[in-house]
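A short write-up of the structure that comes next.
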Amino acid sequence: MGLGFPAKANGSYFAQLVASGKIKAPVFSYYITQNAKSGGLTLGGIDTARFGGDILWAPLVPESNNQFSYWKVAVTGVTAGPQGISLPPGFSMITDTGTSLSIFPKDVANAINTGLGLQKINDVYGIPCPNGTNALPPQLLNLTLSLATGNLVITPKEYLYQLPSNLILNQTICASTIIGGNTNVTLVGNAFLQRFYLVHDYGKKKLGFAVANRDVQVESQFVELDSTNPPKGKWQSPETYPPGSNTTETTLKNSASVYSATLLSAVVALILMH
């Protein structure tokens, strides 16, 4: 759809919207429902009904040429339950709705899956789950990704998904969504992202995470972000847009400058978990 940076998004549809003045603030946000079957996208603002608590903001990591190409943030630590995972220097992750699973360097992925207590079953990490992902064992551990500004907690419902029972030894297996690749780049896909409401601050080069409210019955509350009228409240970025900071938030419905859409999985991502 062209929501990345111009160098990587064919000129970036979102950058064109900002340049044309059709949205006042260079911000877009989205959520994905459980199993990434649907979701919502808001351009120029946020939907405050779709998340709870504070937004955890993290600065983006530029490329070696000091240009921004991806929605990439530094990861300072990874913990599988109580076990810390050794990371290569300069470890970072890219959020990618075009990826269903999460791809880590092979050694890191193996260490995470082992630390979470998952078994290797025919080259797939996971556990037997005869009753599916709705009845996972209570002793399963959480995965924590530490950013410079706080922690992101991933629960078993995000890092496990149910495979068809005839694929592996005629068992029902809940397989890990964390896979290893021959890469130094970590891509965090929809299996993880479904836990969060993500706010992309294109102007200040920051990415915000909040725990998503995935209740499809909730009525949206759109809030416009304006570069001259910075918002107040739990969604405020650490640095306000210049020049002012004394305006109040505005709740909008069907505003011309805040665009929201319900997204089908075919639009949001390539989904492997049916």
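Because the structure is predicted, anything quoted here is derived from the model rather than measured. Throughout, numbering of the chain's residues begins at 1 and tracks the sequence. As a basis for the values below, the full set of heavy atoms in this structure was taken, side chains included, without hydrogen atoms, waters or symmetry mates.
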Is it possible for you to say whether [X] and [Y] belong to one hydrophobic cluster, with membership spreading through side-chain heavy-atom contacts below 4.5 Å?
X: Y70; Y: V185; result: yes
X: L147; Y: V61; result: no
X: V108; Y: V78; result: yes

Hey, does the side chain of [X] reach the backbone of [Y] with a donor-acceptor pair shorter than 3.5 angstrom?
X: D201; Y: V27; value: no
X: S20; Y: L17; value: yes
X: T155; Y: N142; value: no

Is any side-chain heavy atom of [Y] closer than 4.5 Å to one of [X]?
X: T186; Y: P105; result: yes
X: Y159; Y: N113; result: no
X: Y197; Y: I46; result: yes
X: L193; Y: L198; result: yes
X: Y125; Y: N110; result: yes
X: I127; Y: L160; result: yes
X: S29; Y: R50; result: no
X: T183; Y: I103; result: yes

Would D96 and N190 count as a side-chain contact (heavy atoms from CB on, under 4.5 Å) here? Give the steps.
CA-CA 7 Å; D96 182 11; N190 294 323; over 6 Å; no

[atom1] of [X] to [atom2] of [Y]: how many Å apart, nearest 0.5 Å?
X: I179; Y: K106; atom1: CD1; atom2: NZ; value: 10.5 Å
X: M93; Y: L207; atom1: CE; atom2: CG; value: 7.5 Å
X: L116; Y: I178; atom1: CG; atom2: CD1; value: 5.5 Å
X: H200; Y: Y30; atom1: NE2; atom2: OH; value: 4.0 Å
X: F196; Y: L56; atom1: CZ; atom2: CG; value: 8.5 Å
X: I173; Y: L118; atom1: CD1; atom2: CG; value: 11.0 Å

Evaluate the criterion side-chain contact (heavy atoms from CB on, under 4.5 Å) for residue pair N151 and S146; output intermediate values, then yes/no.
CA-CA 4 Å; N151 296 328; S146 297; 2.8 Å; yes

Ring centres of F28 and W71 under 6.0 Å apart?
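Ring centroids of F28 and W71 are less than 6.0 Å from each other.
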
May I have the step-by-step check of side-chain contact (heavy atoms from CB on, under 4.5 Å) for V211 and F51, ending in yes or no?
CA-CA 6 Å; V211 176; F51 66 92; over 6 Å; no

Given the rule in the side chain to side chain donor-acceptor pair (under 3.5 Å) test, do S220 and D47 qualify, once you have shown the distances and angles that lead to the verdict?
CA-CA 6 Å; S220 292; D47 184 349; 2.7 Å; yes

C174 and L136: which non-hydrogen atoms are nearest, and at how many Å?
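Between these two residues, the closest heavy atoms are SG-CD2, 3.9 Å.
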
Is it true that, when you exclude N65 itself, more than 12 heavy atoms of the residues, nucleotides or ligands shown sit nearer than 6.0 Å to its CG?
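Enclosed.
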
Test log, rule side-chain contact (heavy atoms from CB on, under 4.5 Å), inputs L60 and K206:
CA-CA 5 Å; L60 298 183; K206 295 179 180 180; 5.6 Å; no

